[in-house]
Number of protein chains: 2
Amino acid sequence: MDIHPGAAHPTVADTGEVIAWVAKELRSRGERMTGPRTAVLTALGEHPGHLTVEDVVEAVAAVDSSVHRSSVYRALEALCELGVVQHIHLSHGTTAYHLSSIRGPHPHAQCVRCGVVQDLPADLLDDVAARLVADQRFTLDATHVALSGLCAACAENWPSSPETPIIANHVH
Amino acid sequence: MDIHPGAAHPTVADTGEVIAWVAKELRSRGERMTGPRTAVLTALGEHPGHLTVEDVVEAVAAVDSSVHRSSVYRALEALCELGVVQHIHLSHGTTAYHLSSIRGPHPHAQCVRCGVVQDLPADLLDDVAARLVADQRFTLDATHVALSGLCAACAENWPSSPETPIIANHVH
DNA sequence: GTTGTTGCAAATTGTTTGCACTGGT
DNA sequence: ACCAGTGCAAACAATTTGCAACAAC
């Protein structure tokens, strides 16, 4: 159960509703709502933070222990394609998954020291994005990669040991 | 030979000098300047872009084919610790290495489509950093993770095939 | 001569894939 | 009944590690 945000997301609309919507959407594409997919959605609904694959596997096991590891990978892929689940890339090569919340897309920041991911205001990078388009003609996707740095708790205790050493990380 | 920046870095000060400096610095710590470490520095000096481990292995092989893969990993780690080599995290779990250039630290942007990494102005994220400290007490390290988005060339050709499909990437 | 480093091979970790079978529609 | 999706095991990729031999000091 890693990489929680300091503060919880606003609660996602009832997971049951999400599942129903996804089922309908899948069927309309000739795909199917299945046990593993339900389990993944339920698991993500129960953990409003940002979960690594490993976290999801764990959380899914708690919901339905018959779901195989590889099905979690496949379900996440399918649900990301649908758009109900989103992923962000963190330092260290890990990827974190979360339900597309009612908040809509927003940037994230991850602490290099303790690994915690926090949500950031949606408009935080608007000016930077504008400057990038104007100067480099580069179209920024601010939500796709987490910014890196030191969280408040870790900055205070620096350079002592990490505040809840949650993630396997070397400090760069 | 992947993930080159569109424009080359300003040439790093003579690689020989760098090697000499590193040798001295290593010795002063009771460590040693060795064949693989020299080869890695030379290889990085010859390729001023941002290289994946795979790229470095390849470039090192061209310099000294007796250097083993695992030594490249170990040399990169040692040289990063020294500070002469820096790494940045890209989408997709890859890490890119480069000599700490005379430019000093600066942010990077990577195109999700073609994978090219480009250097950005050092001050680009200053305002964002200030806002993050003030509002979230989060200390940004703007150089550690590459921003993600679409480069000019790929944005033009979108949604056709990537401009030089350099990196193994799925488009998210 | 010490001992930090290396080459190599084996171990580890994380993810993907082929395939017969199950279960959603 | 069809076939998308699953469980499983095996394949695969990327990185790390144990250790004897080597070479920098």
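Order of the sequence lines fixes the chain letters, A, B, ..., with proteins taken first and strands second; residue numbering starts at 1 for each chain.
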Parallel, tilted or perpendicular: ring planes of Y97(A) versus H87(A), cut at 30 and 60 degrees: tilted
Parallel, tilted or perpendicular: ring planes of H106(A) versus H98(A), cut at 30 and 60 degrees: tilted
Below 4.0 Å: OP1/OP2 of dC25(D) and any side-chain N or O of R27(B): yes
Throw together a table of side-chain donor-acceptor distances under 3.5 angstrom for residues 74-82 of chain A, partners on residues two or more places apart or in other chains.
{"from": "R74(A)", "atom 1": "NH2", "to": "S70(A)", "atom 2": "OG", "distance (Å)": "3.4"}

What integer distance in Å separates [X]:[atom1] from [N]:[atom2]?
X: L76(B); N: dT5(C); atom1: CG; atom2: P; result: 15 Å
X: H92(B); N: dA14(D); atom1: NE2; atom2: C1'; result: 14 Å
X: D64(A); N: dG23(C); atom1: CG; atom2: P; result: 12 Å

Backbone N/O of G115(B) and side chain of Q110(B): donor-acceptor pair under 3.5 Å: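 At least one qualifying donor-acceptor pair exists.
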side-chain hydrogen bond (donor to acceptor under 3.5 Å, both in side chains) partners of T143(B), counting only residues at least two apart: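 Here the qualifying residues are D141(B).
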Residues in side-chain hydrogen bond (donor to acceptor under 3.5 Å, both in side chains) contact with D126(B), at least two apart in sequence or another chain: none
Polar side chain donor-acceptor pair, D55(B) to H50(B), under 3.5 angstrom: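 Distance-only check fails for D55(B) and H50(B).
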Atom pairs, protein N/O to nucleotides 8-14 of chain C N/O, distance under 3.5 Å:
{"from": "dC8(C)", "atom 1": "N4", "to": "R74(B)", "atom 2": "NH2", "distance (Å)": "3.4"}

Quiz: residues 33-41 of chain A side-chain donor-acceptor pairs under 3.5 angstrom, not counting sequence neighbours:
{"from": "R37(A)", "atom 1": "NH1", "to": "R32(A)", "atom 2": "O", "distance (Å)": "2.9"}
{"from": "T38(A)", "atom 1": "OG1", "to": "T34(A)", "atom 2": "O", "distance (Å)": "2.8"}

Within residues 28-39 of chain B, residues whose heavy atoms come under 4.0 Å of DNA chain C: G30(B), E31(B), R32(B), T34(B), P36(B), R37(B)
